[in-house]
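Quantities reported herein were computed from a predicted structural model and do not represent experimental measurements.
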Amino acid sequence: MLILSSNSPRRQELLAGLDIPYKVFVIDGIDESFPSSLPAELVAEYIAVKKATPYKDDIKGTDNIVLTADTVVVCDNDILGKPHDEADAIRMLHFLSGKTHQVYTGVCLTSENKQKHFTVKTDVTFRELTNEEIEYYVSKYQPFDKAGAYGIQEWIGYVGIKGIKGSYYNVMGLPVRRIYEELKNFTPQDK
């Protein structure tokens, strides 16, 4: 059984699109901190691996595979997590406006005897956004649960993104093609 450790409706929808049976099981309160010296492109994978650790006891004696993931937005070497409030979301979108940034999603597949983890990167380019566009988006869509304060599948993605290089689904929070390939080659019993 594949277990998705995420309450994100986007991740659940994306994983369901692979037609692989799974269930959602989330352990709350997992520490998502990371060393400040860690390069920005490794942070998401580091956190995904860290999220997997508490599941080790739950999958003992089973063939279950736990999928944990984390997504970070990086612009000019600054990591943009989820905004704390409306002002923080507006600040982030102003920072991303007119620039190309990177979205890194780290994924970890964990079984009782095996673990595989990886990072997928996508470059996203925003056009210059107006104050009115940013304020409208934040007010209407309240992107407080999204790294970088935006959802590519929402209004801001429709009107603001000039281009992407890499996986669109990675920007949504789950690089499903890569996950599919990794799951095809993942045998839980292997050490």
- Taking Asn64 for its side chain and Leu2 for its backbone only, find out whether a donor-acceptor pair lies under 3.5 Å. no
- Would Lys114 count as a cation-pi partner of Phe186, with NZ or CZ less than 6.0 Å from the six-membered ring centre and within 45° of the ring normal? yes
- Message: According to a hydrophobic-cluster definition based on side-chain heavy atoms being under 4.5 Å apart (Ile, Leu, Val, Met, Phe, Trp, Tyr only), do Leu14 and Ile3 belong together?
- Response: yes
- Message: How long is the straight-line distance from OG of Ser5 back to NZ of Lys23, given to the nearest 0.5 Å?
- Response: 12.5 Å
- Item | Arg177 NZ/CZ over Tyr169 ring centroid, <6.0 Å and within 45° of normal | no
- Message: How about NZ on Lys56, more than 12 heavy atoms from neighbouring residues, nucleotides or ligands closer than 6.0 Å, or not?
- Response: yes
- Message: Are Phe118 and Phe34 linked, directly or through intermediate hydrophobic residues, by side-chain heavy-atom contacts shorter than 4.5 Å (ILVMFWY only)?
- Response: no
- Query: Is a side-chain N or O of Thr122 found less than 3.5 angstrom from the main chain of Ser167, in a donor-acceptor match?
  - Reply: yes
- Task: State the OG-CD1 distance between Ser111 and Ile59, to the nearest 0.5 angstrom.
- Result: 6.0 Å
- Query: So, does Gln102 use its side chain to make a donor-acceptor pair with the main chain of Asp123 at under 3.5 Å?
  - Reply: no
- Message: So, taking the atom named NE2 in His94 and the one named CD in Glu128, what distance separates them when rounded to the nearest 0.5 Å?
- Response: 10.5 Å
- Message: For the NZ atom on Lys99, are there more than 12 heavy atoms of other groups (residues, nucleotides or ligands in this structure) within a distance under 6.0 Å?
- Response: yes
- Query: Distance-only, no hydrogens or angles: does the Arg127 side chain make a donor-acceptor pair with backbone N or O of Val159 under 3.5 Å?
  - Reply: yes
- Take Thr110 and Ile65 through the test side chain to side chain contact (heavy atoms under 4.5 Å, CB included) and record every step on the way to the result. CA-CA 5 Å; Thr110 304; Ile65 301 169; over 6 Å; no
- Mind running side chain to side chain donor-acceptor pair (under 3.5 Å) on Arg11 and Thr105 for me, showing each step along the way? CA-CA 11 Å; Arg11 285 194 176 129; Thr105 300; 5.5 Å; no
- From Leu96 atom CG to Arg91 atom CZ, the distance as rounded to the nearest 0.5 Å: 9.0 Å
- Message: Check whether Thr68 reaches the backbone of Ala48 with its side chain - one donor and one acceptor, N or O, closer than 3.5 Å.
- Response: yes
- Item | For Val103 against Asn170, the heavy-atom pair lying closest together | O-ND2, 3.3 Å
- Atom NZ of Lys146 and atom OG1 of Thr71: how far apart are they, to the nearest 0.5 Å? 12.0 Å
- Task: Give the minimum heavy-atom separation between Ser6 and Ser8, together with the two atoms involved.
- Result: OG-N, 3.1 Å
- Query: Has Phe144 got more than 12 heavy atoms of other residues, nucleotides or ligands less than 6.0 Å from its CZ?
  - Reply: yes
- Task: Determine the minimum heavy-atom distance between Phe126 and Ile161, stating which atoms define it.
- Result: CE2-CG1, 3.7 Å
- Message: Ring centroids only, cut at 6.0 angstrom: are Tyr150 and His101 within range, meaning strictly under it?
- Response: yes
- Task: Look at the side chain of Tyr141 and the backbone N and O of Gly151, then say whether any donor-acceptor pair between them is shorter than 3.5 Å.
- Result: no
- Message: Grouping I, L, V, M, F, W and Y whenever their side-chain heavy atoms are under 4.5 Å apart, do Phe95 and Val171 come out in a common cluster?
- Response: yes
- Task: Answer yes or no: are there more than 12 heavy-atom neighbours, outside Asn77 itself, under 6.0 Å from its atom CG?
- Result: no
- Message: Quick one, Lys51 and Asp70 - any side-chain contact, counting heavy atoms below 4.5 Å?
- Response: yes
- Out of curiosity, does Ile152 fall in the hydrophobic cluster containing Val74 (side-chain heavy atoms, cut-off under 4.5 Å, transitive links)? no
- Message: Determine whether a donor-acceptor pair (N or O, by modelled atom type, separation under 3.5 Å) exists between the side chain of Thr119 and the backbone of Tyr104.
- Response: no
- Message: Please determine whether side chain to side chain contact (heavy atoms under 4.5 Å, CB included) holds for the pair Val120 and Glu45, giving the CA-CA distance in whole Å, both sets of side-chain angles, and the decisive distance to 0.1 Å.
- Response: CA-CA 9 Å; Val120 175; Glu45 186 173 334; over 6 Å; no
- Item | Nearest non-hydrogen partners of Ala147 and Leu80, listed with the distance | CB-O, 3.9 Å
- Query: Looking only at heavy atoms, which two atoms of Val26 and Tyr55 are closest? And how far apart?
  - Reply: CA-OH, 3.3 Å
- Message: Quick check: do Glu154 and Tyr137 have side-chain heavy atoms less than 4.5 Å from each other?
- Response: yes
- Checking Tyr46 side chain against Ser33 main chain: does a donor-acceptor pair fall under 3.5 Å? no
- Contacts of Asp31 that satisfy salt bridge (charged side-chain N to carboxylate O under 4.0 Å, His left out) - sequence neighbours left out: Lys50
- Is Leu183 reachable from Val107 through a run of hydrophobic residues whose side-chain heavy atoms are each under 4.5 Å from the next? yes
- Do Glu41 and Lys121 have side chains that get closer than 4.5 Å, going by heavy atoms? no
- Task: Report the distance from atom OG1 of Thr53 to atom CD1 of Ile30, rounding to the nearest 0.5 Å.
- Result: 8.5 Å
- Judged by atom type as modelled, is there a donor-acceptor pair below 3.5 Å linking the side chain of Lys165 to the main-chain atoms of Val124? no
- Message: Run Asp145 and Arg10 through side chain to side chain contact (heavy atoms under 4.5 Å, CB included) and show every step you take.
- Response: CA-CA 11 Å; Asp145 64 337; Arg10 289 166 301 285; 3.2 Å; yes
- Query: Are side-chain heavy atoms of Leu174 and Leu67 found at a separation under 4.5 Å?
  - Reply: yes
- Task: Please step through side chain to side chain contact (heavy atoms under 4.5 Å, CB included) for the pair Tyr168 and Gln153, ending with a clear verdict.
- Result: CA-CA 9 Å; Tyr168 172 84; Gln153 73 281 7; 3.5 Å; yes
- Task: Inspect the contact between Glu181 and Arg178 and indicate whether a charged nitrogen and a carboxylate oxygen are less than 4.0 angstrom apart.
- Result: no
- Query: Is there a donor-acceptor pair closer than 3.5 Å between any side-chain N or O of Tyr22 and the backbone N or O of Gln12?
  - Reply: yes
- Provide the closest heavy-atom pair for Pro83 versus Pro143 in the form atom of the first, atom of the second, distance. CG-O, 3.5 Å
